[in-house]
Protein chains: 2
Amino acid sequence: MNDYSEKGLLPAGLADMLPPAAAREARISRTLMEVFAGNGYQQVKPPLIEFEEHLLEGSGAALASKMFRVMDPVSHRMMGIRTDITLQIARVATTRMKQDPRPLRLSYSGQVLRVHGSQLRPERQFAQTGVELIGPEETTADAELILLAREALNALEVRNYSIDLTLPTLVPTICDGLGIDPGVAASAREALDHKDAAALENYDTPLADILIALLKTSGPAKGAIAALEKIALPDAAAAQVAALKQVVAQLEKSAPDLMLTIDPGEFRGFEYQTGLSFTVFARGVRGELGRGGRYRLMDGEPASGFTLFLDSLMRAVPRRPADDRLYLPFGTELETGFALRQEGWKTVVGLSAEADIAAEARRLQCGQYLGPDGIKKLS
Amino acid sequence: MNDYSEKGLLPAGLADMLPPAAAREARISRTLMEVFAGNGYQQVKPPLIEFEEHLLEGSGAALASKMFRVMDPVSHRMMGIRTDITLQIARVATTRMKQDPRPLRLSYSGQVLRVHGSQLRPERQFAQTGVELIGPEETTADAELILLAREALNALEVRNYSIDLTLPTLVPTICDGLGIDPGVAASAREALDHKDAAALENYDTPLADILIALLKTSGPAKGAIAALEKIALPDAAAAQVAALKQVVAQLEKSAPDLMLTIDPGEFRGFEYQTGLSFTVFARGVRGELGRGGRYRLMDGEPASGFTLFLDSLMRAVPRRPADDRLYLPFGTELETGFALRQEGWKTVVGLSAEADIAAEARRLQCGQYLGPDGIKKLS
C-alpha cells in the first residue's frame, strides 16, 4: 500500500480534473461540437498514437522535441503520442477522405500530450476542440471559420472576446517582391513581430518605410484596412491585403458586433500558416482561447481551420450555479427516481435507512430531498 | 511528401474513426454520462499518463505487460500510459477525494491504450465510460449499480441485453471454509470456471459434491438462487450466497423486466474483484458490453463500479437515420442559417455561387436545400 502524498502524486503538468471541473470541461466541449455539427462539420477521431514519421511530416517537424515516443512491439517501428490534432485531420483528408466532396468540413475533440509545458501553458496534457475546412481557396471560407468561432463562443456565453487577424506571410511576400535577401527578410519579419521600431528604421528604403507603415496599422480592423491600403506594396502582397479586406468586409456585414483587430506583422505560432490567420482572446483571461489559419495539405490542397483550447476556455466561460442534487431517501421506488431524473433532477439515492433524512441530504451535498409531502429545499 | 498507402498507414489495432462513426461514439458516451450524472455520479478526469508505479499498484500489476512506458524528462521517472481508468479513480478516491462524504459516486469517460490487443478485442486504443461507487458495503449499492447499467442501456435503446452475475470469490471461500490447500483450491476454481465436470468429480468429498452442485446452478437467476440455497456451504460462503439473493430480490422487485443470469463459478477477468461481479452481454453482439464488480481500494475501503466498452456498444446501439443536412446557397444571410440551426438543422453553406443549387446540395450529400420558396427535399 502506498501512502500517496498529495504533492508529487502526478508528474508536473499533469492533473486530475475533479468535480465540478471535469463535467464543466465536458459540457464546453459538447457545446462546441454541437455548434460545429450544426454547421455541417463532421466529427473524426484519429488515434492518440501513430507512427512517428506521420506525426513529424511537414509542419509536424516543429513539434518533434515535444513528442513522447514509444516503440511499437507489433511493427517494431517508433510511434509518437500526438502533440496536436490538426496534422492528423490533414492526414485523414488526404488519404481516407481524399474522394469525399470538397469543401470537406471536419471537426475533432481530443487530448494531446507534450513532453514539456511552455511558460504560457505549463500543462503537458490538454484538450483541443476544433474544425478544418478543406478545399476552398475563397475568402468566404476564412469568413465562415471566424463566424463559426463566434457562434461557438456565443453559445458558450463567452463575453468580451476579440479576433486578432494576421497575415503571417505578408512580410516574406513583400520582401520577395522587393527582391530582398531571405536572411534580411527573416530578420525584418522578426523585428516587425517584436514591434521594434528602431530596428525597422535600419533597413534600406523602401522596405524600412513599408515596415514602419505596417507597424502603425495594428489596431481595430476598419482603421487598419484603410491604413494598409495606403501603403505601396508589391502586387502579391497587395493581393493579400485585398483578400484580408474582403474577409473583414464580410465579417462586418454579417456580424457587426464582432470585435476585430489586425496585427499584420504577427507570425509567431503561425510559422506554417500560408495565409490569413487569427487568434482569439478574451479580455481579462490568461492565454489565447484559440487560433487558426490557412495552410496547405501535404498534397498542396488549400485548407483552413481553428482550434479552441479547453483549458483557456474554462477560464473564460461563465460558471453555472451548482447542480440541483436531490436526495431520495432509502427505499424510494426506482420509478419515482426515474421520473424525477426525466424532469432534469440529479438524484442521489440513500443506500441504507437514515436517522434524519434532511441531515443525510445535507451531508451528501444535496440541495433538496424528497420528503413525504414532496420535494423540500434545504435552507 | 508521403504518398500514404491506406494499408499500413496506422499501427495495427489503431484506427481513424470517420464520419458518421465518430459522432455516433460521442453521442453514446454523452448519453451514458448524462444518465450517470442524473444519478448523482460526478465526473472526474485523470490524466492519460502518470508515474508507472501508481498505475501498477495492487490490481494494476496484472496490466504491466500491456502498458506503454515513457520516460519523464522533468522528473527522470518512468511514466505509463493508462491501460484502464478504474485504478485511477480509486487513486483519486483515496487521495484528493478522501475527505469527500461517502458514498462517493464518481464517473469517467476516456481513452485507454494497450501495447497488445487481445483476440476478442484487437483494438489497442478504446474508450471506457463508467462509474465507481465508493464506501458502501450494503447490497443496495450492488443493486444500484446494476440498475444504473440498465437505465444507461435503456437510454441507448440497446435491446435484448442480459446481466450475468457471478461470485468470483465463492470457490476460494468454500475451500477456505473446508480447510483445503490453496493449490487445490486454485485448480478447483479453474475447473469450475471451465465447467469441466469430469475434473470436478476427482476432488474429495464434500468439495466435489459442492462443485458439481454449483456447476448445475448456472442459469436464470431465480432458479439459480433456489439451487444455490440447497447446497450445504461453509458459513462465509453461505453469507455470499445470501447477499447475492438479496441483490437479486431487489432487482426483481425494482426491474422485473431485467434478464438476469447467474454463473457462480466464473472468475476470469474478475481476478481482483472481492465480491459480487457482473458482465453485460447483448444477444447477437460480439464481445461483452461492460463489466463491473466489488473491489477494495488501496486503503481497504469497499468499492464497486462498472465500465462500459464503447467499441462493443457501437455494435449494440441501433443506428439513427442520417443527419438532416440542409444546403444553404451562397449568399444566404448569417441570421437565416443561425435560425435554422436553432431549429435543429445541420446547415452546409455554399462558399461560391452555384450554377445549380440542387445539384450542389446533392454533391455535398445534403438531403435538402433552401430555395427561394423555402426548404426543398431532394428526391
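As a basis for the values below, the full set of heavy atoms in this structure was taken, side chains included, without hydrogen atoms, waters or symmetry mates. Per chain, numbering begins at 1; letters A, B, ... match sequence-line order. Just so we're clear, the structure is a prediction, and the values are computed from it rather than from any experiment.
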For the residue pair [X] and [Y], what are the closest heavy atoms and their distance?
| X | Y | value |
| --- | --- | --- |
| A:G38 | B:R341 | O-CD, 3.2 Å |
| A:E144 | B:L351 | OE1-CD2, 3.4 Å |
| A:P73 | B:H116 | CG-CE1, 4.0 Å |
| B:S254 | A:L334 | O-CD2, 3.6 Å |

Below 4.5 Å from any heavy atom of chain A, which atoms of [X] appear? Answer side chain, backbone, both or neither.
| X | value |
| --- | --- |
| B:Q250 | neither |
| B:A15 | backbone |
| B:V92 | side chain |
| B:R363 | both |
| B:R150 | side chain |
| B:R69 | backbone |

If we only count heavy atoms from C-beta on, is the [X] to [Y] side-chain gap below 4.5 Å?
| X | Y | answer |
| --- | --- | --- |
| A:R124 | B:P47 | no |
| B:Q111 | A:Q111 | no |
| A:F68 | B:I81 | no |
| B:R77 | A:P11 | no |
| A:H54 | B:L9 | yes |

Using only heavy-atom distances, determine whether the side chains of B:K45 and A:Q125 contain a donor-acceptor pair under 3.5 Å.
-> no
Roughly how far apart are [X] [atom1] and [Y] [atom2], rounded to 0.5 Å?
| X | Y | atom1 | atom2 | answer |
| --- | --- | --- | --- | --- |
| A:K346 | B:E34 | NZ | CD | 9.0 Å |
| A:Q43 | B:M17 | CD | CE | 9.5 Å |
| A:S352 | B:E137 | OG | CD | 11.5 Å |
| B:F338 | A:L147 | CZ | CG | 12.0 Å |

Taking every non-hydrogen pair under 4.5 Å, which of [options] racks up the most with chain B?
| options | result |
| --- | --- |
| A:G350, A:P101, A:G344 | A:P101 |
| A:L340, A:V74, A:D100 | A:V74 |
| A:Q365, A:R102, A:M71, A:Q88 | A:R102 |
| A:P136, A:A12, A:C366, A:P103 | A:P103 |
| A:L104, A:L18, A:V70 | A:L18 |
| A:L48, A:L133, A:V35 | A:L48 |

Might you work through the side chain to side chain contact (heavy atoms under 4.5 Å, CB included) test for A:M33 and B:R30, ending with a clear yes or no?
-> CA-CA 12 Å; A:M33 293 305 282; B:R30 187 171 65 235; over 6 Å; no
Whether A:T347 side chain and B:G40 backbone form a donor-acceptor pair below 3.5 Å | no
Output yes when a side-chain donor or acceptor of A:R96 lies under 3.5 Å from a complementary backbone atom of B:D16, and no otherwise.
-> yes
Interface moiety of [X] toward chain B, non-hydrogen atoms closer than 4.5 Å:
| X | result |
| --- | --- |
| A:E151 | side chain |
| A:F330 | side chain |
| A:E25 | side chain |

Answer yes or no: are there more than 12 heavy-atom neighbours, outside B:E333 itself, under 6.0 Å from its atom CD?
-> no
Among the options B:L328, B:V44, B:V348, pick out the one with the most heavy-atom pairs lying under 4.5 Å from chain A.
-> B:V44
